[in-house]
Amino acid sequence: KTGAVNEVRTDAGILYLKSGPVAICGLTAKNEDQRWTKDNAGEVFLARVAKEVYDHFTPPADPAPKPAAKP
């Protein structure tokens, strides 16, 4: 759920990960960037926070096995 009022941007939701659901909520205030665009600094910040949470709770994939060395 997103929200915005002039110098405030908010976002909340549930990330459904393989490790289980993770609830996340971000609230910002007194943002200098008050543009109503997707690249608004508050919106970008909230997206980066969500990405960090996702990365933290999602383990990296196992690397592909290396082929056996030829004798």
Between [atom1] of [X] and [atom2] of [Y], what distance do you get to the nearest 0.5 Å?
X: Asp55; Y: Arg48; atom1: CG; atom2: CZ; result: 13.0 Å
X: Asp33; Y: Glu43; atom1: CG; atom2: CD; result: 9.5 Å
X: Asn31; Y: Phe45; atom1: CG; atom2: CZ; result: 9.5 Å

Do the side chains of Val44 and Val49 join up, straight or via other hydrophobic residues, at under 4.5 Å, putting them in one cluster?
->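 Val44 and Val49: separate clusters.
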
When hydrophobic residues are tied together by side-chain contacts of less than 4.5 Å, even through go-betweens, does Val22 share a cluster with Tyr54?
->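 Cluster IDs for Val22 and Tyr54 match.
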
Taking Thr28 for its side chain and Val8 for its backbone only, find out whether a donor-acceptor pair lies under 3.5 Å.
->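 No.
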
Heavy-atom closest pair, residues Ala4 and Trp36 |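 Here Ala4 and Trp36 meet closest at CB-CZ3, 3.4 Å.
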
Using residues 9-16 as the side-chain source, report each donor-acceptor pair under 3.5 Å to any protein atom, sequence neighbours left out, with the distance given to one decimal.
unit_1	atom_1	unit_2	atom_2	d
Arg9	NH1	Asn6	O	2.8
Arg9	NH2	Arg35	O	2.8
Thr10	OG1	Gly3	N	3.3
Thr10	OG1	Gly3	O	3.4

